[in-house]
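Beneath this line is the structure, given in structure tokens, with notes to follow.
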Amino acid sequence: MEDTKKTLYIPVGIKTRPEYFDGFGKIELKQSALICLLGGGVDLLAFLFTQNISVCVLAMLVIIAGSVMMCTKDQTNLSAVDQVKNMIHYARSQKNYPYVTLDEWKSR
């Protein structure tokens with residue numbers, strides 16, 4: 001028999017879902033669009049009160065860029081939105097059990 005050595009090839013950087021650019025796929029696009037819609041509503045209300053179009057256009061551009069940056073995943077596969085979700089979940093999962101100590105040897 002021949003003494004052949006079999007090697008294992010593990011590919012690196014394989015994505016499980018398609019992405020538009022690195023760390024930004026369809027799910028992140030939906031999250032970003034929702035943030036932009038909510039921010040656009042707030043921006044529209046601000047325009048109705050101030051009647052200043054340049055500030056509102058600038059604010060909308062900042063909202064769009066900020067939402068894309070907050071929803072883009074990094075090397076650890078977490079985005080800023082995901083980290084906030086994890087922190088809220090952790091805070092809600094913590095329970096407070098106030099214990100009261102009683103005298104164990106006191107006769108009843």
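Along the sequence shown, the residues carry numbers beginning at 1.
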For Gln31, side-chain hydrogen bond (donor to acceptor under 3.5 Å, both in side chains) partners two or more places apart: none
Atom pair SG (Cys56) and CD1 (Ile63), whose distance is rounded to the nearest 0.5 Å: 9.0 Å
Gln75 CD: over 12 foreign heavy atoms closer than 6.0 Å: no
Which residues share a side chain to side chain contact (heavy atoms under 4.5 Å, CB included) with Phe49, sequence neighbours left out: none
Residue pairs passing the ring-ring contact (aromatic ring centres under 6.0 Å, His included) test where at least one lies in residues 24-48, sequence neighbours excluded: Phe21-Phe24
Cluster link Tyr20 to Val68, ILVMFWY, side chain under 4.5 Å: yes
Arg17: side-chain hydrogen bond (donor to acceptor under 3.5 Å, both in side chains) partners, not counting sequence neighbours: Glu28
Atom pair SG (Cys71) and CD1 (Ile27), whose distance is rounded to the nearest 0.5 Å: 11.0 Å
Connected via hydrophobic side-chain network under 4.5 Å: Leu48 and Met60: no
Nearest heavy atoms of Asp22 and Thr72, plus distance in Å: O-CG2, 3.8 Å
Leu78 side chain near Asn86 side chain, heavy-atom distance below 4.5 Å: yes
Candidate list Lys73, Met70, Lys85, test side chain to side chain contact (heavy atoms under 4.5 Å, CB included), partner Ser79, passing option: Lys73
Counterpart residues, side chain to side chain contact (heavy atoms under 4.5 Å, CB included), relative to Pro11 (two or more places apart): Tyr9, Ile14
Selection residues 52-66 - residue pairs positive for side chain to side chain donor-acceptor pair (under 3.5 Å), sequence neighbours left out: Asn52-Ser54
From Gln83 atom CD to Thr76 atom OG1, the distance as rounded to the nearest 0.5 Å: 6.5 Å
Reported CG-to-CG distance for the pair Asp43 and Leu38, which is rounded to 0.5 angstrom: 12.5 Å
Distance, nearest 0.5 Å, that separates OG1 of Thr16 from CG of Asn77: 7.5 Å
